[in-house]
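Please read the structure below before turning to the comments.
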Amino acid sequence: MVRARDNWEKLVRATLKREQHRNAGQGHARVPSGIAGAVPPSLAQTTNIDLILQAADEVQSEDPNVARILCEQAYSMAQNLDPNSDGRGVLQFKTGLMSIIKQKLVKKDGVRIDRNRDIEYLWKFYQHYKQRHRVDDIQREEQRLQESGTFSSTTLGELKLRSSEMRKIIATLRALVEVLESLSKDADPGGVGGLIMEELRKIKKSSVTLSGELTPYNIIPLEAPSLTNPIRIFPEVKAAISAIRYTDQFPRLPAGFKISGQRDADMFDLLEFVFGFQKDNVRNQRENVVLMIANKQSRLGIPAETDPKIDEKTINEVFLKVLDNYIRWCRYLRIRLAWNSLEAINRDRKLFLVSLYFLIWGEAANVRFLPECICYIFHHMAKELDAILDHGEAAPAVSCITDDGSAKFLEKIICPIYQTLDAEAGRNNNGKAAHSAWRNYDDFNEYFWSPACFELHWPMRPDSPFLLKPKPSKRTKRTGKSSFVEHRTFLHLYRSFHRLWIFLALMFQALTIIAFNHGHLNLNTFKTILSIGPSFAIMNFVKSFLDVLLTFGAYTTARGMAVSRLVIKFFWGGLTSVFVTYVYLKVLQERNSNSSDNSFYFRIYLLVLGVYAAIRLFLGLLLKFPACHALSEMSDQSFFQFFKWIYQERYYVGRGLYERMSDYCRYVAFWLVVLAVKFTFAYFLQIKPLVEPTNIIIDLPSLTYSWHDLISKNNNNALTIVSLWAPVVAIRSIEMVHKRFESFPGAFVKNLVSPQIKRIPLSSQSTQDSQDMNKAYAAMFAPFWNEIIKSLREEDFISNREMDLLSIPSNAGSLRLVQWPLFLLSSKILLAIDLALDCKDTQTDLWNRICRDEYMAYAVKECYYSVEKILYSLVDNEGRLWVERIFREINNSIVEGSLVITLSLKKLPVVLSRLTALTGLLIRNDPELAKGAAKAVHDLYEVVTHELVSSDLRENLDTWNILARARDEGRLFSKIVWPNDPEIKELVKRLHLLLTVKDSAANVPKNLEARRRLEFFSNSLFMDMPSAKPVSEMLPFSVFTPYYSETVLYSTSELQKENEDGISILFYLQKIFPDEWENFLERIGRGASTGDAELQESSSDSLELRFWASYRGQTLARTVRGMMYYRRALMLQSFLESRSLGVDNYSQNNFITSQDFESSREARAQADLKFTYVVSCQIYGQQKQRKAPEAADIALLLQRNEALRVAFIHVDESTTDVNTSKVFYSKLVKADINGKDQEIYSIKLPGDPKLGEGKPENQNHAIIFTRGEAVQTIDMNQDNYLEEAMKMRNLLEEFHANHGLRPPSILGVREHVFTGSVSSLAWFMSNQETSFVTLAQRVLANPLNRLWMKICLDLVPH
């Protein structure tokens, strides 16, 4: 038995070790090692065993005995929680943990362990650990910062603890405190037990506790203060938190009600108690409301930092925006709002109502697909809340109270509706059942578009027809289909587009009649053209007939008004078609008769058509003209409403689809022009040429065919004529970047730079000439452009050398000109020297020839000024006097226009070689080369003095006593001052490249994708776009990506696996992206000849290889990287705007720099306020349980992107009761300090959220975790670029731009198909997207002011 147990322990240890190696191979940043990473979910959900074991790993090297104590406590906790090891993986975990404990005991070398003294030993270690890491000092400093309200980079730097290190220390201390608390129960109260209890009381009393840093939070640490996240110190956030705080005016909460976390009570606690909302739903929406209020306040103005308050205007705007749909719903149903008027309720009541609405929405699950149902629920719960707020004591709401006396919103309100939805969805037979056989989300929602919905009562009656479930065995009186039933048939081609078919048919009929009458428009022709009247009536009747026919099967369940309208229209269409046809036949009879009075029926016919056209025109005006439309909505006349109902059924949605009069006229004029051109073409080139051939064929004598009788028997060759007319019916560059680069900074500053950066002083001088303005613009443009170039290098589109050539200097130095990227100036110096060598004219002529290429002129100026500045910084004493003298003489020659006389231009190549030798030594950044550099300076002196300058100036320099004495004594240029100033180092490196690079600018960059991106970005700078707001004032937004089980990250085996042709994915990528492969090897420090096997030897290089390949496929990793560029762009923009906390930094910066912007806590916090990225990984929980590689890859993405959030559906199957169904949760996780998933929110769902299609319901369960006022929907095969992310602020301002009567509700963004170069089909699809989607969509939006389709990259108001 003992042997079997030992073998089992060996097996468990081997399994744990293999699991550890497997995770390490995946390149995780910090994966819990060994047993700490194998804690079963059933234990990890209810205890901190995993944290205790992780702490044991942390202190193992420092004190193995403490690690043994922690492991034994973890085993004891696991044993108490699951003594029979019933949970999945619990037995293996406990066995493995016991094996580790035995190993630790063996390492004691037989020394007996006195476990009675474990608590004393652990207490001493705890005290020593706190002292060594200065935990008490850090807590006092944080308390001071919290009380003072100032929280800047300087004060944070004084703490000398990085964020991740601080959290690891606190995680270990938290585990030690938990174990001490458990062991102290058996300790002596008079000894160490009393000391531990005193320490625990001290921790609980402190406002800054050990658990503060480790309390899970999403964006704002509301439950406990955080030292490493300054977001709570922003004035607008502090004011928003204060706005929802509990006051004495609110009803008193019961004494036993627990406030979660370490915070004060607020409005959400009252709503949680009254209506029984889930705690995590309350936590989620509390943060959502705080962020919404703070962001809205920041757009109106940052509040004062001493005592920040939210403005009343902010509260009103949030109130009206959140409850806009509810207010419109009440007006539509003509019912009173839950409040009397906006002025009658104070700001606290408004915030209560906003919070209540969000809590209902956050826990509604699938009912979120029924927005008007949510309005109905909110309407009644708001009235209950109003009554409760008028009482002094809080009590559970009657509608949500359960049998045990507590309130549970999910159980009493949402579950009954969900169960009905679930029962109806079960009847669709996976989409195969008839549409009339079951109710979908739209049918349920349309029930609340009528005042009849109030028959549901409140609390909702379980026996209401709305909540009755379908029973296949017998017919019930449940509420059925609302207004639309779909039958799958090709007849929908006519029914759905009947207006288009009727219009084309009538125009064809009229034009054909005119053509057969030879274009003569007389009375007879006019009477013939009026035959379109019967055609119109009959085709309309066919449409009405199809409406009746295709609704068959749903009459018993559809709304009575909807059926009545179909029947009325059917009979009306039948009668009108018969009547109009009859009258027109009489008109034809009158025309063919010889009677003198033959216009009676013609007058009646014209009167009928005129009255009908007038009525249609009148109703059309009511629906299209804004003023008439508003008047029709307000009218209560039953007669008027009846005819309007016949013309168009009244729906809650789509009532506002009308435009301004000018937009409507422009839209009509556009189509009039298009259709006029179309029908003119059709008449003269299609219809009229066929008239004569048709008449000839008809007049042919009877012919005998050898075909069927249908062809040959007295039909005037009908099929021939049909064949003749059938076709009529059926027919249906980088060079510019170089040339315009000089204008880029100005355009960039104008459109993409906020006013806060524009007002930062750039130099001490205040001159406003053109040169200074260009330099100022270039200084603002430089950090953004350089980050774009850096991102191209990180993506391996360019090499290191190309990055140096494309980067633009900071332009913050003392040079008196704008420094442009070297790729614009490359080889310009060499070309200028060639011009100088060939010069036989004056200085002015030479300079004019140089200035023909403006960048050559820039290169010459920069080279001249840089040489002067570098030489002046290198030498001292006599050498500095020589530099001043030589450049003064040259400057005087330039002013006098005698430069070609003062200098021997033939010697310029020699001077160039000496300068190149000097800069070549200086760029090596090795002070030991100072002697060689001094010799290079002396060689330069000899060339300049004795060869370059004229003989007169040379004699003056040689006879200068100071220089002559220094030269004779050997002191002249005997040593130099090695450059240490960053500005001088940058000048040296840049000058060396300027003198040596011979590549043409047309070849930089070489990569076609890099060229395309730079070209597109450069062109977009000159677009007409809204101005950029500061990051603190921009609209907040979220990006939302649904994911199921697609590729996250290519594995090593997938990259190396060969297909039937012997080609692997990696080999294929290397061949189609050869330059990017070389750049990748250069980036990771490998040679160009490095093989795949060599890369696999290094875990870091292997991981980088996986990412390199995945970024060139349609993977989730590529999408996540692209979307996280939004955060990087916002961090950069926020950092450059220099927003500080407690101190105004604008006066402190004399130049703009982006150095270390990614480590700025303020910039990261500001970006998190404005941007959220949620990936909805529907089955991530199941993937983790079966240890699928996708789960490990998603965890890796979480670790590499701290702002990434993953939402998934968790299925709890731990119950052993066979009668209990599975329990579903919507969870949100992020990566914690140990690289593990940290659960932020876990919200219970009423059941399986997948009732219909998977993708929308996958998005629906996670939409509650998004933040902001707009949501961008991104599929997992899409990408983004940093340069495009910088324009997001401008794009979001389109929501507030003037685009007609209403602000836009969807903003479409151009989509680039990055797989267009893979194949001809991909190329075709890429061009199709450009033409059909991008260009057509823009024409529809402007000038037509219409949106007919949805582009993939959409921004939708939240």
Side-chain angles (χ1 to χ4, degrees), residues 733-746 748 770-771 774-775 777-779 781-786 788-790 792-793 798-837 846-871 908-909 911-913 915-916 918-920 922-923 983-1006 1010-1011 1014-1015 1018:
S733 92
I734 199 71
E735 288 75 16
M736 289 302 299
V737 173
H738 302 157
K739 294 179 181 179
R740 301 194 63 185
F741 198 94
E742 189 177 7
S743 60
F744 290 174
F748 185 91
S770 176
Q771 183 69 21
N774 290 338
K775 188 173 178 62
Y777 288 154
F781 177 61
F784 296 99
W785 175 262
N786 290 340
I788 293 171
I789 300 304
K790 181 181 176 182
L792 289 174
R793 181 63 193 96
I798 60 176
S799 63
N800 291 339
R801 186 168 180 273
E802 287 179 318
M803 183 174 68
D804 291 336
L805 295 178
L806 288 166
S807 298
I808 184 171
S810 63
N811 281 283
S814 56
L815 281 186
R816 299 186 295 261
L817 77 166
V818 179
Q819 294 175 280
W820 298 109
L822 285 170
F823 82 104
L824 298 174
L825 312 180
S826 60
S827 73
K828 300 297 184 183
I829 294 296
L830 303 177
L831 294 175
I833 290 178
D834 291 340
L835 292 177
L837 294 177
L846 174 60
W847 184 244
N848 288 336
R849 293 175 63 187
I850 291 176
C851 289
R852 291 175 186 174
D853 185 343
E854 57 184 347
Y855 290 116
M856 186 184 296
Y858 278 120
V860 171
K861 288 182 179 179
E862 181 176 348
C863 182
Y864 178 76
Y865 291 128
S866 297
V867 170
E868 179 185 11
K869 192 171 182 63
I870 292 171
L871 290 177
L908 284 178
V911 176
L912 177 65
S913 64
L915 280 174
T916 304
L918 174 61
T919 56
L922 295 178
I923 62 172
E983 181 185 354
I984 300 299
K985 288 183 177 180
E986 182 183 0
L987 281 178
V988 170
K989 179 180 179 182
R990 182 173 169 82
L991 178 62
H992 183 74
L993 291 173
L994 194 62
L995 298 177
T996 57
V997 173
K998 300 180 181 180
D999 293 347
S1000 171
N1003 298 325
V1004 180
K1006 294 185 293 185
R1011 285 172 173 248
L1014 291 179
E1015 289 170 6
S1018 303

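By convention here, the first residue in the shown sequence is residue 1. Model, not experiment: these values are computed from the prediction.
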With sequence neighbours left out, what residues match F748 under ring pair (Phe, Tyr, Trp, His ring centres under 6.0 Å)?
-> F781, F784
Which pair of non-hydrogen atoms, one from S866 and one from L991, has the smallest distance, and what is that distance?
-> CB-CD1, 4.5 Å
Residue pairs passing the salt bridge (Lys or Arg N to Asp or Glu O under 4.0 Å) test with at least one member in residues 798-814, sequence neighbours excluded, are R801-D999, D804-K989
Could you state the interatomic distance from OH (Y864) to CG (L817), rounded to the nearest 0.5 Å?
-> 12.5 Å
What is the minimum heavy-atom distance between E986 and S810, and which atoms define it?
-> OE2-N, 3.7 Å
So which heavy atom on A782 is nearest to which on I808, and how close?
-> CA-CG2, 3.4 Å
Could you check if a side-chain atom of L1014 sits within less than 4.5 angstrom of a side-chain atom of P1005, using non-hydrogen atoms only?
-> yes
Can you tell me how far the CG atom of L987 sits from the CD1 atom of I870, to the nearest 0.5 Å?
-> 5.5 Å
d(T996 OG1, L912 CG) to nearest 0.5 Å is 9.5 Å
Could you go step by step and tell me if K861 and Y865 meet the side chain to side chain contact (heavy atoms under 4.5 Å, CB included) rule?
-> CA-CA 6 Å; K861 288 182 179 179; Y865 291 128; 4.3 Å; yes
Please name the pair of heavy atoms, one in K828 and one in D853, separated by the smallest distance, quoted to 0.1 Å.
-> NZ-OD2, 2.6 Å
Does some side-chain heavy atom of V867 sit less than 4.5 Å from a side-chain heavy atom of L915?
-> yes
The reported gap from CD1 in I829 to CD in E862 (rounded to nearest 0.5 angstrom) is 8.5 Å
Considering only heavy atoms from C-beta outward, does the side chain of L837 approach that of P909 to under 4.5 Å?
-> yes
How far apart are the closest heavy atoms of L806 and P821, and which atoms are they?
-> O-CB, 3.5 Å
Stepwise side chain to side chain contact (heavy atoms under 4.5 Å, CB included) test for I984 and L922 | CA-CA 10 Å; I984 300 299; L922 295 178; over 6 Å; no
Parallel, tilted or perpendicular: rings of F744 and W785 (30°, 60°) = tilted
For I850 against V860, the heavy-atom pair lying closest together = CG2-CG2, 4.2 Å
Rounded to the nearest 0.5 Å, what separation is found between the CD1 atom of I923 and the CZ atom of R990?
-> 14.5 Å
Looking at OG of S827 and CG of L995, how far apart are the two atoms once the value is rounded to the nearest 0.5 Å?
-> 12.0 Å
Would you indicate whether the side-chain heavy atoms of L918 and L871 approach each other to under 4.5 Å?
-> yes
